[in-house]
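Take a look at the structure below.
Positions are given from 1 along the sequence.
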Amino acid sequence: MAVAPKYDMLLAGGRVFIEGKLCRSDIAVKGDKISALGRLDNVAAVRRIDLSGKLVLPGIIDAHVHFQLPVGSITSADDFQSGSTAAACGGVTTFIDFAIQKKGQPLIEAIKNRRKEAEGRVAIDFSLHAVPTDWTKTTVSDFEAAVRYGVTSFKIYMTYKKQGLYSDDAGLYTALNAAARVEGLVTVHAESADLLDHFVKRYHAESAMKKYGAYAHSLSRPVIVESEAVSRAAFLARNLDAMLYIVHMSAGDSISIVECARADGVSVFAETCPHYLLFTDSVFKRRDGFLYATAPQVKAKKDQDALWRGLAEGVVSVIATDDCGFSTKQKSRWKGDFTKIPCGLPGVETMLPLIYTYGVKTGRISLKRMVHVLSTNPARLFGLYPKKGVIAVGSDADLVIIDPNSKSTISAKNLHSRCDWSPYEGKTVWGRPDITISRGKIIVQNGRYIGSPGDGKFIKRSRPLAPI
């Protein structure tokens with residue numbers, strides 16, 4: 001009598017990132033879990049894939065994306081289906097988007113509504129950060145309801161008054177206090193609203209815009225706009241013994257502030273993004289410079305160098321994309337007024353090869369550090385570990401396989417985003433994903449998406465853990 005295969009899939013012969021290092025190992029998958037690791041020469045599996053010469057890494061977790069985000073009268077280019085498909089083709093197996101509370105709306109209702117927008121359409125697993133904007137007693141009590149629901153992180157905007165997202169210091173203090181009580185994590189968009197308004201007013205004068213063009217966007221956001229807000233948020237977190245996470249950090253001074261705060265015992269952690277690591281503010285002087293507007297914006301070479309140092313030394317714990325792409329037509333609506341440029345860049349599909357190429361291959365960071373900042377640390381900080389973020393028996397079979405010797409050129413026409421341009425157009429990269437596996441199912445093979453909308457599911461998260 002024939003013996004039924006013990007496993008659904010056997011990934012054989014690859015160099016696998018296990019317990020902080022690459023080692024030769026096979027991976028056996030049963031259902032949606034990793035069932036065995038090591039030399040598995042004589043086991044039976046329904047499907048066997050030879051990965052000789054390939055690197056096998058934990059699936060990437062992009063902890064900061066904005067799919068189908070309404071901004072005024074327009075919406076970001078990628079919806080949940082196209083954005084998550086692009087993510088999958090970039091080796092991302094989990095993303096975290098945002099549920100923004102409307103004025104007068106219960107926070108938990110905003111979370112449930114946003115989940116409904118995504119479910120049935122996403123290619124990979126997902127979760128949400130809750131974004132409180134209306135500070136009532138109900139909102140505060142909804143922090144506990146959100147955690148029970150599986151949403152354990154809360155984003156606070158220290159800017160965007162006109163857009164209705166802004167929380168003042170009392171709101172930030174309330175959020176930190178409420179999150180600490182329920183073992184949640186507060187993330188902040190750290191830009192000082194008052195300082196930003198001050199500098200925008202200075203450079204919004206007609207003469208200044210005519211002189212500087214898109215570069216006025218950069219001039220209106222000097223380093224102090226971010227660093228002051230980071231310092232203030234860290235001080236409040238220290239006062240409350242709360243966990244704090246700075247999103248899309250871009251300034252060298254902010255690195256120093258976080259470093260000092262952590263040395264003083266504050267549980268403050270930082271995220272940066274590929275565009276801050278690969279571009280400087282000189283990009284705004286280009287004819288197409290307006291396309292590169294983000295908030296905060298890319299800064300000087302010294303800031304870029306400080307971010308790479310912060311990554312290597314563990315001051316920066318996570319790289320995420322802040323993916324929020326707008327088409328060239330949407331960006332072009334600025335018509336010379338930098339305050340009308342939709343801020344955001346596409347990038348969820350290109351993050352892994354960019355960081356591997358310009359981080360690991362250049363020696364700025366180790367492969368181990370890359371895996372930590374792209375996978376393990378976001379899993380730990382956002383309550384997904386050890387279900388995700390690690391290759392271990394019992395963990396989800398979320399894997400990305402790359403060929404370290406595979407060389408390609410980034411072009412928007414070959415990406416899966418609906419955005420018609422890429423900020424990384426023409427860049428040469430190594431290590432683009434060959435295969436992406438989400439919970440035991442191959443959804444990308446030979447760089448081609450073969451999954452289905454709805455493959456992904458909403459993941460309930462637990463309390464945050466400190467990164468490594």
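Counting heavy atoms of neighbouring residues, nucleotides and ligands inside a 6.0 Å radius, atom CD of Gln163 exceeds 12 of them. Heavy-atom contacts from other residues, nucleotides or ligands closer than 6.0 Å to NZ of Lys361 number more than 12. No more than 12 heavy atoms of other residues, nucleotides or ligands shown are found within 6.0 angstrom of NZ on Lys368.
Remark: aromatic rings of Phe98 and His66 are close, center separation under 6.0 Å. Two rings, from Phe154 and Tyr245, have their centers 6.0 Å or more apart. Taking the six-membered ring for Trp, Phe458 and Phe126 have ring centres closer than 6.0 Å. Proximity of the aromatic rings of His129 and Phe382 is defined here by a centroid distance below 6.0 angstrom, and this criterion is met. Aromatic ring centres of Phe67 and Phe95: separated by under 6.0 Å.
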Should Arg121 and Gln68 be marked as a side chain to side chain donor-acceptor pair (under 3.5 Å) after you check the CA-CA gap, both sets of side-chain angles, and the distance that decides it? CA-CA 12 Å; Arg121 306 182 64 199; Gln68 59 187 67; 3.2 Å; yes
Where do Ser256 and Asp253 land on the side chain to side chain donor-acceptor pair (under 3.5 Å) test, with the steps shown first? CA-CA 5 Å; Ser256 300; Asp253 284 357; 5.3 Å; no
Between Trp421 and Tyr292, does a ring-ring contact (aromatic ring centres under 6.0 Å, His included) hold up when you go through it step by step? CA-CA 11 Å; Trp421 72 287; Tyr292 292 79; 5.5 Å; yes
Go through it in stages, so that I can follow the logic: the residues are Ser327 and Asp420, the test is side chain to side chain donor-acceptor pair (under 3.5 Å), and I'd like the CA-CA distance, side-chain angles, deciding distance and then a yes or no. CA-CA 6 Å; Ser327 68; Asp420 61 348; 5.0 Å; no
Determine whether Tyr424 and Tyr358 satisfy the following criterion, ring-ring contact (aromatic ring centres under 6.0 Å, His included), listing intermediate values before the conclusion. CA-CA 12 Å; Tyr424 310 104; Tyr358 295 97; 8.9 Å; no
Test salt bridge (Lys or Arg N to Asp or Glu O under 4.0 Å) applied to Asp305 and Arg309, step by step: CA-CA 6 Å; Asp305 291 342; Arg309 177 185 66 82; over 6 Å; no
Step by step, work out the side chain to side chain donor-acceptor pair (under 3.5 Å) result for Asp78 and Ser417. CA-CA 6 Å; Asp78 280 307; Ser417 168; 2.6 Å; yes
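Heavy atoms only, all atoms of each residue included: Arg432 and Pro353 are closest at CG-CB, 3.8 Å. Closest non-hydrogen pair, Ile391 versus Val56, comes out as CD1-O, 3.7 Å.
Note that Lys285 lies in the cation-pi zone of Tyr215, set by a 6.0 Å cut-off to the ring centre and a 45° limit from the axis.
No donor-acceptor contact under 3.5 angstrom links the side chains of Gln297 and His217, judged on distance only. Looking at Glu226 and Ser254, their side chains do bring a donor and an acceptor atom within 3.5 Å of each other. The closest side-chain donor-acceptor pair between Ser153 and Arg461 falls under 3.5 angstrom. A donor-acceptor contact under 3.5 angstrom links the side chains of Lys299 and Ser250, judged on distance only. Side chains of Glu271 and His248: no donor on one and acceptor on the other come within 3.5 Å. Side chain to side chain, His372 and Asn377 fail the donor-acceptor criterion of an N or O pair below 3.5 Å.
Note: Ile401 CD1 to Gln445 CD = 9.5 Å, rounded to the nearest 0.5 Å. The CG atom of Leu11 sits 9.5 Å away from the CZ atom of Arg47 when rounded to the nearest 0.5 Å.
Every pair passing salt bridge (charged side-chain N to carboxylate O under 4.0 Å, His left out) that includes a residue from residues 376-395 is listed here, sequence neighbours excluded: Asp125-Lys388, Lys387-Asp396, Lys388-Asp396, Lys388-Asp398.
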